[in-house]
Amino acid sequence: GVFAHLEMLEARAYEAALKQEEAQQQEEKLARLKARVQELRLQRDELRAKVDLQEKGQLGKDGVVSDKAQPSAQEGLERKIQSVKAMLQIFHLTGISGKLTKQGVCFCISTAYEGTYLDSYYLDLLIKPQMQIYRHSIPIFIPLEQMARKYLQTDIRRFVSVLSDHLNAYAGRRYQADQLQEHFSDQIEGTLQRNSLCNLLVFNYDVSSKSKTFVFNVRLLYGDLCCSLPTEVIVSCT
């Protein structure tokens, strides 16, 4: 009875995860296409600018702009701001919103699990002189600094996307643990144990058969911090 019920729940969770993953892949594909379109537009604008400079005699034979034609710092900043605006439009399709501030840009990352809205987290970035984190509401156990060192200066889109994956996976794991504790409290013995990241869940449940009661111990391990489903399940009878 209990094992059959667990198998049924696992099958439903797996099917729902596949549907969610397929929908997310479609959204990510659309976002990547839009990002590629924006990159091509920027390249087109740069090529047009070079052609205009060449026609005006301000572009050397080697393709380098002469000193008098070098863009100013203000023009460079405006170009960066335009790129950030385009990025905000792309991220809006994936549950990530943002707005420009006086010093940079502020992102809002909304999390959800199987259509249920959960929490939102904020990330405030400074644009100049280089990208850096100003303030945020990201939980301390999310490896934010590690992701920033790897992606922030080279690929901000990748940085925000990876951060969103971590937050959604964490929120999904925590939500499932809360639901398990709430809806199956009569079958769980004691309190469900979890760590801060909710990537390790431990609980006991009873199975009664005639005059005997068996106590099972369950350990759910989440080896992939960007995944809301366990990678390893250990069940033992005490």
To check you understand the geometry: which heavy-atom pair defines the closest contact between Ala169 and Cys227, and what is its length?
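Nearest heavy atoms, Ala169 then Cys227: CB-N, 3.5 Å.
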Tyr222 and Leu225: which non-hydrogen atoms are nearest, and at how many Å?
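That would be O-CD2, 4.3 Å.
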Please determine whether the number of non-hydrogen atoms from other residues, nucleotides or ligands lying under 6.0 Å from atom CD of Glu145 exceeds 12.
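Incorrect, the count does not exceed 12.
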So, for Tyr170 and Phe141, is the gap between ring centers shorter than 6.0 Å?
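Yes, the ring centres sit under 6.0 Å apart.
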So, the side chain of [X] versus the backbone of [Y]: is there a donor-acceptor pair under 3.5 Å, distance only?
X      : Y      : answer
Asp178 : Glu182 : no
Ser228 : Gly172 : no
Arg173 : Leu197 : yes
Gln181 : Leu192 : yes

Salt bridge (charged side-chain N to carboxylate O under 4.0 Å, His left out) partners of [X], counting only residues at least two apart:
X      : answer
Asp155 : none
Arg135 : Asp124
Asp224 : none

For the residue pair Tyr205 and Phe216, categorise the inter-ring angle as parallel (less than 30°), tilted (30 to 60°) or perpendicular (more than 60°).
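Ring orientation, 0 to 90° scale: parallel.
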By the definition side-chain contact (heavy atoms from CB on, under 4.5 Å), identify the one residue from Leu152, Leu123, Asn168 that meets it with Leu163.
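It is Leu123; the other options fail the test.
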